[in-house]
Amino acid sequence: MSDFSGLQTALSALTTHRRSIEVIANNVANANTTGYTRRRVELEPLGGSVPAIFAIDTRLGDGVRIAAVLRIGDEFLDTRVRTETASAEADATIAAALQGAEQIFPEPGPDGLAAQIGELWASWNDLVANPGSTAARSAVLQQASVVVDRFHESATELGRNRQQLVDQVAAVTSRINEYADRIAELNEAIQSANVGGSSTADLEDRRGVMLD
């Protein structure tokens with residue numbers, strides 16, 4: 001092996017490991033960056049050409065080079081996390097809606113609708129016991145008016161809560177559409193980078209953030 005060949009081997013090692021150190025430094029620099037996925041350098045030997053017939057190749061190799069810079073991530077775990085997060089958020093949304101309904105109907109309790117209806121039936125019982133009593137009749141009308149007003153208030157509050165949920169759905173749908181458009185753009189950019197042989201790690205990280 002000539003001295004020049006040895007220098008080429010040494011140069012490939014220096015260049016390759018310098019790039020490896022750059023990748024490590026980038027990992028350290030982005031340790032706290034949201035959505036960043038750690039990279040790993042895959043190395044492969046240079047050389048390995050088949051000598052011509054009857055030729056003797058005494059070279060031990062031509063050095064080393066970077067085969068690829070890979071993102072260290074688990075696609076299955078990422079998908080699982082997103083699925084479970086979506087399920088948890090759905091449960092939280094339903095719980096918030098039900099909590100709003102519970103505030104409208106504070107049951108059981110002295111101010112609840114069941115208590116008001118119970119008082120209405122009690123006033124009817126008093127009227128049945130004293131059908132000629134003007135006070136008993138007034139009590140029935142008054143309590144019936146209270147119950148009707150309570151129904152109207154509850155219906156108004158339920159309608160307000162429903163409209164809030166509709167507005168929230170519209171806002172979330174708009175955000176989802178925006179993210180979908182940006183993910184589609186990133187998919188096109190990743191495809192173009194793959195065709196051109198460029199690294200897609202940063203683009204894939206940005207897409208991962210959008211998916212999250």
Side-chain angles (χ1 to χ4, degrees), residues 1-95 168-212:
M1 182 173 65
S2 66
D3 291 339
F4 180 76
S5 177
L7 290 175
Q8 283 296 108
T9 300
L11 178 61
S12 72
L14 289 173
T15 303
T16 299
H17 288 291
R18 185 193 66 184
R19 290 281 292 116
S20 298
I21 292 173
E22 290 175 357
V23 172
I24 294 172
N26 192 50
N27 287 336
V28 174
N30 288 280
N32 295 320
T33 301
T34 302
Y36 180 80
T37 303
R38 190 161 58 93
R39 274 64 154 161
R40 181 184 66 209
V41 176
E42 291 264 331
L43 304 180
E44 66 179 7
L46 282 171
S49 58
V50 179
I53 189 171
F54 302 124
I56 299 176
D57 189 355
T58 60
R59 295 178 302 174
L60 298 178
D62 295 327
V64 66
R65 68 180 176 184
I66 294 178
V69 178
L70 305 177
R71 298 168 71 244
I72 303 176
D74 192 316
E75 213 173 296
F76 172 78
L77 291 180
D78 289 342
T79 302
R80 185 66 180 270
V81 167
R82 288 166 186 150
T83 300
E84 296 301 324
T85 301
S87 178
E89 290 293 337
D91 291 341
T93 301
I94 294 173
Q168 289 176 6
V169 169
V172 171
T173 301
S174 177
R175 289 181 60 193
I176 290 174
N177 290 334
E178 291 177 5
Y179 283 129
D181 291 339
R182 294 169 68 180
I183 290 172
E185 293 173 358
L186 286 171
N187 285 336
E188 292 180 1
I190 290 171
Q191 184 176 5
S192 298
N194 280 327
V195 172
S198 301
S199 174
T200 62
D202 290 336
L203 295 172
E204 290 180 40
D205 282 347
R206 289 169 56 190
R207 182 177 62 181
V209 172
M210 294 293 101
L211 289 172
D212 291 341

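Since the structure is predicted, the reported quantities are computational estimates derived from the model, not experimental observations. In what follows, every heavy atom counts, from backbone to side chain, and hydrogens, waters and symmetry copies are set aside.
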Let me have the donor-acceptor pairs involving side chains of residues 190-197, under 3.5 Å, with sequence neighbours excluded, atom names and distances please.
from	atom 1	to	atom 2	distance (Å)
S192	OG	E188	O	3.0
N194	ND2	I190	O	3.3

Just verifying a value: how many Å separate [X] [atom1] and [Y] [atom2], rounded to the nearest 0.5 Å?
X: I72; Y: R40; atom1: CD1; atom2: CZ; value: 5.0 Å
X: R206; Y: I183; atom1: CZ; atom2: CD1; value: 12.0 Å
X: T79; Y: L211; atom1: OG1; atom2: CG; value: 8.5 Å
X: D205; Y: T37; atom1: CG; atom2: OG1; value: 4.0 Å
X: L186; Y: E204; atom1: CG; atom2: CD; value: 10.5 Å
X: D202; Y: N26; atom1: CG; atom2: CG; value: 7.0 Å

Do you know the tightest heavy-atom contact between S20 and V41?
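Taking S20 first and V41 second, the nearest heavy atoms are OG-CG1, 3.6 Å.
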Closest non-hydrogen atom pair between G63 and S12, with its separation
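What the structure gives for the nearest pair is CA-OG, 3.2 Å.
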Note, H17 side chain near L43 side chain (heavy atom, < 4.5 Å)
yes
Which atom pairs, one a donor and one an acceptor, fall under 3.5 Å between side chains of residues 170-180 and the rest of the protein, sequence neighbours left out?
from	atom 1	to	atom 2	distance (Å)
T173	OG1	V169	O	2.7
N177	ND2	T173	O	3.3

Which residues pass the side chain to side chain contact (heavy atoms under 4.5 Å, CB included) test with [X], sequence neighbours left out?
X: V69; result: V23, R39, I66
X: S199; result: A201
X: D78; result: R82

Not counting sequence neighbours, list each pair that qualifies as a salt bridge (Lys or Arg N to Asp or Glu O under 4.0 Å) and has a residue in residues 16-35.
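For residues 16-35: R18-E22, R19-E22.
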Applying salt bridge (Lys or Arg N to Asp or Glu O under 4.0 Å) to D74 and R80, what does each step give before you reach the verdict?
CA-CA 10 Å; D74 192 316; R80 185 66 180 270; over 6 Å; no
